[in-house]
Amino acid sequence: MKQGNRKKKKKLEVIKGILYIFVFLLITTPVLFFYGPYKNTRKVFISTLLGTRHRYLLTDLFSEEVLNRFQGIDGKVVDEEISQDLDMINVKYRGSDEIKEFTINKPRYDAHIIEIKNPFAVKVAMTKYLGKRGQRTSEMAEENNAIVAINGGSFVDNSAEGTLYAGTGAEPGGFVVAGGEVIYPKGGYDENTIENVVGISKDGKLVVGDHSLKELKSKYNIQEAMCFRRPNIIIDGVRKISNPLEDGLNPRTAMGQKADGTIIFLVIDGRKVSMPGASLYDVQEIMMERGAINAGALDGGYSSTLYYEGEVINSPNAWDGERTVATAFYVE
């Protein structure tokens, strides 16, 4: 009996020891991760998670100041309009409807590129269910008889942040311009508010960066536009991102323009075990390699979608295959 009791006691001590180690690791691992020497790993993890709908897992625990410090940024955002030199773009479109498709395969991501010779063919679509829900990029494309379409800018709706399901894209963030008219919002918007913009002027030139609606109307004669968010990517041929891990690794959508006016649609897949995605720096470098003079980011993550010739040609990461969004750019 004594020997049996000793075995039970020893077994209990082993179990206690394992539980102690588990609890110890559970407590110390996050502390070591966030405050230890793993600088680059920490940056990638934090910036990647902040780029998802589950950002609340960090924002509920840490202040914005602390999260910025973890990422090595000062967190300061200056609301200052950017003056672009659109004379750098010489639109050479002469009736060509040429559209070319390219794919770039990297260990971390697959990048899908569509180049559109005619910048005047690029238009903006907005959900017809405004205030209720968004539409899939493919749905908006088909309704507009589009050859090509990509998901658009930011959006807001009543889906609570941190819930199981992603937002439905009920309303755009900022403003939306289509056909030279402000189609959202219909009123009550301060036109001096500076937003991060991706748009097309009446003379077919891509306008990106921080601009107010007032400036876009008066200075750039804006024809199509929507808003997303900072940071800027390429302006007047100058790289704006120096951090290779900028904004973590996620699916991406972006739009650029070459010196001859050719528009570049870029969609990058990610959020898979073997393929996490790309940083905004990666987006910048792809755009530079394609010859972009200006380039701006659109909504990425679950939203990233590229429609071409009747089908979605990338692999959207949304749980149901393709997320509903508020806006899209399409080519007639």
Side-chain angles (χ1 to χ4, degrees), residues 43-55 57-58 101-114 134-141 148-155 159 161 164-169 173 196 198 226-231 233-234 241 243-256 264-287 289-290 292 295-308 311-330:
K43 278 185 179 181
V44 173
F45 173 80
I46 291 174
S47 55
T48 298
L49 187 55
L50 287 175
T52 74
R53 73 180 190 273
H54 300 299
R55 58 185 291 118
L57 293 172
L58 291 175
E101 178 190 0
F102 306 90
T103 303
I104 299 173
N105 303 112
K106 297 284 186 178
R108 288 192 285 104
Y109 60 81
D110 286 336
H112 307 270
I113 300 167
I114 299 287
Q135 289 182 270
R136 294 183 174 187
T137 300
S138 59
E139 183 182 356
M140 286 189 272
V148 184
I150 53 173
N151 64 286
S154 58
F155 56 81
S159 296
E161 190 174 79
L164 176 62
Y165 301 105
T168 61
N196 194 252
V198 178
M226 60 183 68
C227 305
F228 186 48
R229 61 178 173 83
R230 296 172 177 87
I233 298 179
I234 302 170
I241 296 175
N243 176 12
L245 302 175
E246 185 71 49
D247 206 36
L249 303 178
N250 282 297
R252 302 287 177 187
T253 302
M255 183 170 164
I264 305 168
F265 283 177
L266 170 64
V267 171
I268 299 176
D269 289 331
R271 288 189 187 166
K272 297 175 175 61
V273 174
S274 60
M275 191 182 294
S279 69
L280 286 179
Y281 181 88
D282 294 323
V283 171
Q284 171 185 264
E285 295 308 294
I286 292 172
M287 284 291 188
E289 289 169 6
R290 301 306 308 175
L298 294 167
D299 191 18
Y302 293 100
S303 301
S304 288
T305 306
L306 176 57
Y307 173 95
Y308 182 48
E311 62 180 341
V312 174
I313 63 171
N314 75 308
S315 298
N317 190 243
W319 65 274
D320 58 348
E322 189 185 343
R323 186 183 195 177
T324 56
V325 294
T327 54
F329 277 109
Y330 70 91

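Values in this document were obtained by computation on a predicted structure and should not be read as measured data.
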Checklist entry - How far apart are the closest heavy atoms of T327 and G153, and which atoms are they? => result OG1-N, 3.0 Å

Next on the checklist: For a quick test of reading the model, state the closest non-hydrogen atom pair linking L298 to F329 and the distance between them.
Outcome noted: CD1-CD1, 3.9 Å

Whether the side chain of [X] engages the backbone of [Y] through a donor-acceptor N/O pair (distance < 3.5 Å, no angle test) should be reported.
| X | Y | value |
| --- | --- | --- |
| S304 | V267 | no |
| N314 | H112 | no |
| E322 | T137 | yes |
| R136 | T324 | no |
| E246 | I241 | no |

Checklist entry - Among D299, L306, V325, which one satisfies side-chain contact (heavy atoms from CB on, under 4.5 Å) with I150? => result L306

Would you give the length of the straight line joining atom [atom1] of [X] to atom [atom2] of [Y], rounded to the nearest 0.5 angstrom?
| X | Y | atom1 | atom2 | result |
| --- | --- | --- | --- | --- |
| K106 | D282 | NZ | CG | 9.0 Å |
| N317 | N250 | CG | CG | 9.0 Å |
| T253 | F265 | OG1 | CZ | 10.5 Å |

Item to check | Residue pair N151 / S303, side-chain donor-acceptor N/O under 3.5 Å | outcome: no

Checklist entry - Could D110 and K272 be called an ion pair, given the rule that one side-chain N must be under 4.0 Å from one carboxylate O? => result no

Next on the checklist: Is the positively charged end of R271 above the ring of Y302, judged by distance under 6.0 angstrom from the centroid and angle within 45° of the axis?
Outcome noted: yes

Checklist entry - Are R252 and Y109 in a cation-pi setup, meaning NZ or CZ lies under 6.0 angstrom from the ring centre and within 45 degrees of the ring axis? => result no

Checklist entry - Checking side chain to side chain contact (heavy atoms under 4.5 Å, CB included) for the pair I113/I264: CA distance, chi angles, key distance, verdict? => result CA-CA 7 Å; I113 300 167; I264 305 168; 3.9 Å; yes

